[in-house]
Undergrad: 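Take a look at the following structure, please.
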Amino acid sequence: MAKGCPIAAARALLAAPWVSVVATLSVKLGFACCFAAFFFFGFDWITNDHYEQLETAYANWGIIYSRGGLVSVDAYDTMNMAFMWVPMLAAFFLALISRSLPSPATLPKVWSRFTAKLGSLLRFQLPPRRFFTWWCGGMTVIDALVLGIYLLFNIWYFQHYYIEYLKRFDALEAAGVVLYEPYSQLMLERVALIFGILAWPSLWLLFLPIPHNSLLQACLG
């Protein structure tokens, strides 16, 4: 490689002890910001308070569409891109950077021992091991963590929409409105609709990096 090559110069700079430490900590901080943005928007955007708190952003920040001669700003697409797609893409590239960084040699031994124990804990195979090995090749703690996040998203979305529909029908009954179908039948139909809505976060979460992909391992240690 040529002496003046920028890549060689960058590697030489990262070889310096404290530069390597700062670079590693910066990547970890970047991971934290990416996942914080993703989970904030993923859990918050379906709530009513979300649109009140971010009213200015939804009113002014969006992709301009022309529909039938009228120009409208669709901030829904923009916010999804900014808070869900971009953080995951950024986390992916940070994982690539993290794997190419030299291992800092000046970190305290306490930190090294902590990360080693954390890595060992996250790779621990959960029981029943034979069943998980047969079913999916093994279930580690970090695998269970990802599945827990997946279930938490689904439970959060289900309870939100279920309670919203419940409040609507209760309000109609309190106002003396005669429902066109039995209450139980209407709620059963809404539950079916909610499971259809749940396809959105469920399919979206399929784009989350799986632990075997090593992105989560890279950001955790």
Side-chain angles (χ1 to χ4, degrees), residues 31-91 126 128 131-132 135-136 139 141-211 216:
F31 273 125
C33 292
C34 288
F35 283 97
F38 177 86
F39 287 116
F40 162 73
F41 194 82
F43 282 101
D44 193 63
W45 79 272
I46 62 173
T47 64
N48 296 327
D49 293 340
H50 172 80
Y51 294 96
E52 295 176 3
Q53 294 169 358
L54 300 177
E55 182 180 0
T56 303
Y58 275 98
N60 301 292
W61 186 34
I63 302 171
I64 298 177
Y65 292 99
S66 179
R67 297 168 179 164
L70 299 175
V71 177
S72 63
V73 177
D74 193 340
Y76 176 81
D77 295 338
T78 309
M79 299 291 276
N80 269 274
M81 289 291 293
F83 286 98
M84 301 195 83
W85 282 100
V86 172
M88 284 295 98
L89 289 173
L126 297 174
F131 169 76
F132 283 132
W135 179 48
C136 58
M139 178 70 67
V141 172
I142 197 170
D143 292 323
L145 176 63
V146 173
L147 285 176
I149 293 171
Y150 190 94
L151 292 174
L152 188 60
F153 259 96
N154 280 269
I155 293 170
W156 174 254
Y157 276 65
F158 182 89
Q159 66 83 27
H160 170 78
Y161 285 111
Y162 185 84
I163 293 173
E164 283 293 316
Y165 286 126
L166 205 62
K167 288 179 179 177
R168 291 181 190 179
F169 290 130
D170 287 344
L172 289 173
E173 286 192 331
V177 177
V178 178
L179 301 176
Y180 59 91
E181 288 182 354
Y183 185 90
S184 58
Q185 179 66 27
L186 288 171
M187 285 306 301
L188 182 61
E189 291 175 357
R190 294 309 178 275
V191 168
L193 178 62
I194 292 170
F195 277 110
I197 296 173
L198 287 177
W200 185 87
S202 296
L203 288 173
W204 168 246
L205 288 171
L206 293 179
F207 288 93
L208 266 179
I210 327 177
L216 289 179

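Nothing fancy with the numbering, it's 1 onward along the sequence.
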Undergrad: Taking the side chain as C-beta and beyond, is there a heavy-atom pair between M139 and F131 under 4.5 Å?
TA: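 When only atoms from C-beta onward are counted, F131 and M139 do not touch, as no gap falls below 4.5 Å.
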Undergrad: Please list, chain by chain and in numerical order, all residues satisfying ring-ring contact (aromatic ring centres under 6.0 Å, His included) with Y165, sequence neighbours excluded.
TA: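 Not a single residue meets the ring-ring contact (aromatic ring centres under 6.0 Å, His included) criterion with Y165.
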Undergrad: Under the rule for side-chain contact (heavy atoms from CB on, under 4.5 Å), what residues qualify as partners of V178, not counting sequence neighbours?
TA: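 V178: no side-chain contact (heavy atoms from CB on, under 4.5 Å) contacts found.
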Undergrad: Any heavy-atom pair between the side chains of F43 and F38 that's under 4.5 Å?
TA: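 Of all side-chain heavy-atom pairs linking F43 with F38, none is under 4.5 Å.
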Undergrad: Between atom CG of L172 and atom NZ of K167, what is the distance when rounded to the nearest 0.5 Å?
TA: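 Output value for this atom pair is 14.5 Å.
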Undergrad: How long is the gap from CZ on F39 to CG on D44, to the nearest 0.5 Å?
TA: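 That separation rounds to 14.0 Å.
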Undergrad: Which pairs, with at least one residue in residues 169-199 and sequence neighbours excluded, count as a ring pair (Phe, Tyr, Trp, His ring centres under 6.0 Å)?
TA: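 Listed once each, the pairs are F158-F195.
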Undergrad: Who are the side-chain hydrogen bond (donor to acceptor under 3.5 Å, both in side chains) partners of Y157, not counting sequence neighbours?
TA: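 In terms of side-chain hydrogen bond (donor to acceptor under 3.5 Å, both in side chains), with neighbours along the sequence ignored, Y157 is linked to W45.
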Undergrad: Any chance you could measure E164, atom CD, to T47, atom OG1, to the nearest 0.5 Å?
TA: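 Separation between the atoms: 10.0 Å.
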Undergrad: Could you tell me whether a side-chain N or O of Q159 sits under 3.5 Å from a main-chain N or O of W156, the two making a donor and an acceptor?
TA: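 Answer holds: yes.
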Undergrad: Return the set of residues passing side-chain contact (heavy atoms from CB on, under 4.5 Å) with L89 (not counting sequence neighbours), or none when no residue passes.
TA: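 With neighbours one apart ignored, the set is empty.
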Undergrad: Restricting to ring-ring contact (aromatic ring centres under 6.0 Å, His included), what partner residues turn up for H160, sequence neighbours left out?
TA: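 For H160, no residue satisfies ring-ring contact (aromatic ring centres under 6.0 Å, His included) once neighbours in sequence are set aside.
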Undergrad: With rounding to the nearest 0.5 angstrom, report the CD1 to CG distance, I149 to L152.
TA: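 If we round to the nearest 0.5 Å, I149:CD1 and L152:CG are 8.0 Å apart.
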Undergrad: Would you give the length of the straight line joining atom CG of L126 to atom CD1 of I142, rounded to the nearest 0.5 angstrom?
TA: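 If we round to the nearest 0.5 Å, L126:CG and I142:CD1 are 11.5 Å apart.
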Undergrad: Which atom names give the shortest non-hydrogen contact between A90 and C34, and what distance separates them?
TA: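 Minimum heavy-atom contact is CB-SG, 3.6 Å.
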Undergrad: How long is the straight-line distance from CZ of R190 back to CZ of R168, given to the nearest 0.5 Å?
TA: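 It comes to 8.5 Å.
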